[in-house]
**Student:** 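Here you go, one structure.
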Amino acid sequence: MRKANQLKKQQRTAVKSSQRSIIADKLLAWYDACGRELSWRQDTTLYKVWVSEIMLQQTRVEAVEPYYRRFLDRFPDMRTLADAPEEDVLHAWQGLGYYSRARNLQTGVREALERYDGVLPQTRQEVESLSGVGSYTAGALLSIVHGQPEPAVDGNVLRVFSRLFCLKQLITSSIGKQAVTAKVREVIPSDRPGDFNQAVMDLGSSVCGRVPRCSLCPLADECIAYKEGCQSELPRKAKKAEPRPVKMAVGIVKNQCQQFFVRKRPKSGLLAGMWEFPTIEAVDSDPETALRSLFAKSGQTVASLTQWRNLQHVFSHRTWDLQIYQGSGTGYNNERREDGCWMTLDELAAVPLGKPHQTMANWLAEAAL
DNA sequence: AATTCGGGGTG
DNA sequence: CACCCAGAATT
């Protein structure tokens, strides 16, 4: 029994070690021929790779490209980003989503400057201690910047490796991710680990996507799922909860100077630190009264408040059904108070807004023409 | 282990 | 419409 297991293990190891170089070789050859030329692959300095990896979290390459260039143009190095006002960073991130990434990136860069003199540390533990840097990003940084053979397991890697080795665990569970990480450690080469990690992601993006195109795949001969014909059933994932609908009421109030009453959202939670037209959850059936009392709390009296438009916005975990009210107020101030102040549309354009409020600001600009 | 964090592209 | 994207932090 023990002998049989030992033999089996030896065979498995032998198969793995022979596949190991084949998979890495074929993948890197394919990467050299078909890999995409992306802005952040031009040079592998810590800061540039770091910015790109944070932007790319849960975000498609095509969406990141323009943001990446603008961001580096505005914050060309770690010191510039560290010294910038948080609101400027959020504004540069506006439209990308997951805004805590932007705040954590700035915090992480400050930490790296203070603790490590701006140099990427050599251990995974130290790298993961940086704000906003988790297991994936730590692996990406260590492999790309330092050339360490560390796995960078993202959604692409989960998909590619679950098929390559026919791993049928729920890939969303921790053991599923552990299984993939273990396989990556077996296959990742020590000479071009950063290119290898990026090659897996390119493959997952262009060939081994949700609908696999196995006829184009350089690893089809090594793919167990393809051999067994179950590639379309992998990876197995738990179903995500549907976004929960929430009724919201928005008050857009303008004064005589063409300014609008706005405020900054709380430092944590949804759209943290972004500005908005005052918005409340419409729990009762009388949003207009609720809005009036909200403005009263801010010391603003609203002459008229009438329903204007409706807007629906879908986040990943909830849906806002917005009833938008428009009114006129008599308040005025130039002081930028975060709990409520008046801004023109031009001033509003220079401040970070979430998508729904950006849409409303655009409507107001059109209406003013 | 589950939820909370955006926004948009795709079949 | 369902799915998911170079995930991390929080609960």
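All figures in this text were calculated on a predicted structure; none of them were measured in a lab. Convention: sequence-line order gives letters A, B, ...; per-chain numbering from 1.
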**Student:** So A:Ser135, base contact, sugar-phosphate only, or nothing? Heavy-atom distance under 4.0 Å.
**Tutor:**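 Sugar-phosphate: the residue A:Ser135, judged by heavy atoms under 4.0 Å, touches backbone atoms but no base.
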
**Student:** Rounded to whole Å, how long is the line connecting atom CG of A:Leu270 with atom P of B:dT4?
**Tutor:**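 In whole Å, B:dT4 P and A:Leu270 CG are 11 Å from each other.
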
**Student:** Mapping A:Leu130 and A:Ser316 to their closest nucleotides on DNA chain C, which lands nearer the 5' end?
**Tutor:**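 Looking at the nearest nucleotide for each, A:Ser316 comes out on the 5' side.
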
**Student:** Less than 4.5 Å apart, side chain to side chain, heavy atoms only: is that true for A:Gln94 and A:Leu353?
**Tutor:**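 Result yes, sub-4.5 Å side-chain heavy-atom pair found.
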
**Student:** Please tell me if A:Gln58 has a side-chain N or O lying less than 4.0 Å from either OP1 or OP2 of C:dC5.
**Tutor:**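 Looking at the OP1 and OP2 atoms of C:dC5, neither is under 4.0 Å from any side-chain N or O of A:Gln58.
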
**Student:** Hey, which sits more toward the 5' end of DNA chain B by its nearest nucleotide, A:Val211 or A:Gly354?
**Tutor:**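 Nearer the 5' end of the strand: A:Gly354.
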
**Student:** Return the value, rounded to whole Å, for the distance between atom CZ of A:Arg159 and atom P of C:dA6.
**Tutor:**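 The answer, rounded to whole Å, is 7 Å.
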
**Student:** Atom CD of A:Gln57 to atom C1' of B:dC5: distance rounded to whole Å?
**Tutor:**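 In whole Å, B:dC5 C1' and A:Gln57 CD are 12 Å from each other.
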
**Student:** For A:Arg244 and B:dA2, give me the distance from atom CZ to atom C1', rounded to whole Å.
**Tutor:**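 In whole Å, B:dA2 C1' lies 15 Å from A:Arg244 CZ.
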
**Student:** Report yes if a side-chain nitrogen or oxygen of A:Thr137 is closer than 4.0 Å to either non-bridging phosphate oxygen (OP1 or OP2) of C:dA8; otherwise report no.
**Tutor:**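 Yes, A:Thr137 has a side-chain N/O under 4.0 Å of OP1/OP2 on C:dA8.
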
**Student:** A:Arg318 side chain N/O closer than 4.0 Å to the phosphate oxygens (OP1, OP2) of B:dG6?
**Tutor:**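 A:Arg318 to B:dG6 OP1/OP2: no side-chain N or O under 4.0 Å.
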
**Student:** Tell me: CD of A:Glu53 to C1' of C:dC5, nearest whole Å?
**Tutor:**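 Answer to the nearest Å: 14 Å.
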
**Student:** Does the ring centre of A:Tyr67 sit less than 6.0 Å away from the ring centre of A:Trp93?
**Tutor:**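 A:Trp93 vs A:Tyr67: aromatic centres not under 6.0 Å.
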
**Student:** Considering just the side-chain nitrogens and oxygens of A:His317, establish if one lies under 4.0 Å of OP1 or OP2 belonging to B:dG6.
**Tutor:**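 Indeed not, no polar side-chain atom of A:His317 lies that close.
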
**Student:** Between P on B:dC5 and NE2 on A:His313, what's the gap in Å once rounded to a whole number?
**Tutor:**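 Rounded to whole Å, this separation is 13 Å.
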
**Student:** Do A:Val153 and A:Lys177 have side chains that approach each other closer than 4.5 Å (heavy atoms only, starting at C-beta)?
**Tutor:**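 When only atoms from C-beta onward are counted, A:Lys177 and A:Val153 do touch, with a gap below 4.5 Å.
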
**Student:** Of A:Ser52 and A:Val133, whose nearest nucleotide on DNA chain C comes first from the 5' end?
**Tutor:**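 Result: A:Ser52.
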
**Student:** For B:dA2, take OP1 and OP2 only and decide whether either is under 4.0 Å from a side-chain N or O of A:Lys239.
**Tutor:**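 Result: no.
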
**Student:** If you go through the side-chain atoms of A:Thr59, does one of them form a donor-acceptor pair with the base of B:dG6 closer than 3.5 Å?
**Tutor:**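 A donor-acceptor contact between them is present.
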
**Student:** Is any side-chain heavy atom of A:Asp154 closer than 4.5 Å to a side-chain heavy atom of A:Met201?
**Tutor:**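 They are in contact (side-chain heavy atoms under 4.5 Å apart), so the answer is yes.
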
**Student:** In residues 84-101 of chain A, which residues come under 4.0 Å of DNA chain B by heavy atom?
**Tutor:**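 DNA chain B contact set from residues 84-101 of chain A: A:Gly95, A:Leu96, A:Gly97, A:Tyr98, A:Tyr99.
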
**Student:** Linking Ile, Leu, Val, Met, Phe, Trp and Tyr by side-chain heavy atoms under 4.5 Å, what else ends up with A:Val302?
**Tutor:**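 Joined to A:Val302, directly or through intermediates: A:Val253, A:Phe261, A:Ile280, A:Leu291, A:Leu294, A:Phe295, A:Leu305, A:Tyr325, A:Trp342.
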
**Student:** A:Arg210 or A:Ala63: which one's nearest nucleotide on DNA chain B is closer to the 5' end?
**Tutor:**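 Nearest-nucleotide comparison on DNA chain B picks A:Ala63.
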
**Student:** Tell me whether the rings of A:Phe315 and A:His313 are parallel (<30°), tilted (30 to 60°) or perpendicular (>60°).
**Tutor:**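 A:Phe315 vs A:His313 ring planes: perpendicular.
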
**Student:** Determine: side-chain N/O of A:Asn104 to OP1/OP2 of C:dA8, distance under 4.0 Å, yes or no.
**Tutor:**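 No, no such contact exists.
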
